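Notes follow once the structure below has been shown.
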Amino acid sequence: MLSLIMMDLDHFKPVNDTAGHAAGDELLRLIGELLQESVRQQDAVARLGGDEFALLLPACPLERATEIAERIRQGIEALEFQVDGYRFRVTASIGVSNLAVDDRDGGPLVKRADRASYRAKHQGRNQVIVQAGLSEVSES
């Protein structure tokens with residue numbers, strides 16, 4: 001049993017463009033802390049690059065991973081970042097998947113979670129989309 005959460009921040013570019021990359025780095029650090037606080041010690045949190053993150057959740061059923069993803073989405077949405085007189089709010093487009101019985105390795109898991117994150121972004125942002133194994137995609 002293994003679940004994966006992949007996320008991409010929405011509206012992050014204006015932070016770098018308006019307040020500079022140091023401000024963007026600070027916001028990423030704060031979001032990293034929020035992610036670490038949202039998971040168990042045995043879970044892995046990684047910044048994939050830019051404003052993309054992944055959370056690998058061993059021994060975590062898909063339903064629980066979806067709850068964690070929604071809690072993270074709400075936490076990021078509530079975060080107000082202030083720097084140099086500017087106020088920023090970002091949200092997250094999040095995809096969740098689990099390792100399917102017929103997956104030979106982690107490749108399909110990553111593809112499903114990434115595809116779900118992409119769909120979340122292109123269907124309005126600030127949402128969690130779940131794609132479990134080979135089943136239909138469901139939204140939450």
Side-chain angles (χ1 to χ4, degrees):
M1 191 178 338
L2 176 71
S3 293
L4 176 65
I5 298 172
M6 293 186 74
M7 58 178 272
D8 185 36
L9 297 179
D10 307 318
H11 314 294
F12 179 74
K13 189 176 181 329
V15 177
N16 280 340
D17 291 350
T18 304
H21 290 279
D25 289 346
E26 177 61 16
L27 178 55
L28 292 173
R29 187 189 67 72
L30 290 173
I31 290 173
E33 286 180 3
L34 184 149
L35 297 176
Q36 281 296 139
E37 292 168 359
S38 300
V39 296
R40 305 164 299 180
Q41 187 173 356
Q42 70 261 31
D43 298 331
V45 175
R47 180 176 170 212
L48 301 177
D51 60 353
E52 297 177 355
F53 294 86
L55 295 86
L56 191 61
L57 311 171
C60 182
L62 185 62
E63 297 78 19
R64 180 71 181 123
T66 303
E67 293 168 2
I68 292 167
E70 179 58 27
R71 190 171 67 241
I72 288 169
R73 186 200 65 74
Q74 291 173 5
I76 292 171
E77 181 181 40
L79 185 66
E80 184 176 292
F81 180 66
Q82 296 182 35
V83 61
D84 297 334
Y86 297 104
R87 287 184 184 187
F88 298 98
R89 290 197 109 121
V90 296
T91 57
S93 296
I94 302 175
V96 183
S97 191
N98 63 327
L99 193 63
V101 174
D102 57 345
D103 288 343
R104 296 180 189 263
D105 57 39
L109 168 65
V110 172
K111 285 181 184 177
R112 285 191 301 273
D114 189 48
R115 203 171 332 157
S117 173
Y118 180 84
R119 285 192 64 193
K121 183 158 297 272
H122 286 85
Q123 291 181 2
R125 300 181 174 161
N126 192 28
Q127 60 185 306
V128 174
I129 292 188
V130 178
Q131 185 166 352
L134 301 175
S135 65
E136 289 287 314
V137 173
S138 63
E139 299 177 29
S140 63

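A quick note: this is a predicted structure, and the numbers were derived from the prediction, not measured.
A donor-acceptor distance shorter than 3.5 angstrom exists from the side chain of Ser3 to the backbone of Cys60, with no hydrogens or angles considered. Looking only at distances, no side-chain donor or acceptor of Arg87 sits under 3.5 Å from a matching main-chain atom of Glu80. A donor-acceptor pair under 3.5 Å is absent between the side-chain atoms of Ser117 and the main chain of Ala113, judged by distance alone. Side chain of Lys121 to main chain of Met7: no donor-acceptor pair is present (N/O by atom type, distance under 3.5 Å, no hydrogens or angles). Formation of a donor-acceptor pair under 3.5 Å by the Gln131 side chain with backbone atoms of Ser97 is not found in this model. Side chain of Asp105 to backbone of Gly107: a donor-acceptor contact under 3.5 angstrom is found.
Other residues, nucleotides and ligands place more than 12 heavy atoms under 6.0 Å from the CZ atom of Phe88.
Annotation: the span from Phe12 atom CZ to Thr91 atom OG1 amounts to 12.5 Å, rounded to 0.5 Å. The line from CZ of Phe53 to CD1 of Ile5 is 13.0 Å long, rounded to the nearest 0.5 Å. The CZ atom of Arg89 sits 14.0 Å away from atom CG of Asp10, with the distance rounded to the nearest 0.5 Å.
A donor-acceptor pair shorter than 3.5 Å cannot be found between the side chains of Ser93 and Asp8.
The nearest pair of heavy atoms linking Ala69 to Val96 is CB-CG2, 3.6 Å. Across all their heavy atoms, Pro58 and Arg40 have their closest contact at O-NH2, 2.6 Å.
Ion pairing between Glu77 and Arg73 holds under the 4.0 Å rule for side-chain N and carboxylate O.
Counting heavy atoms from C-beta outward, Val90 and Asp51 have side chains that stay 4.5 Å or more apart.
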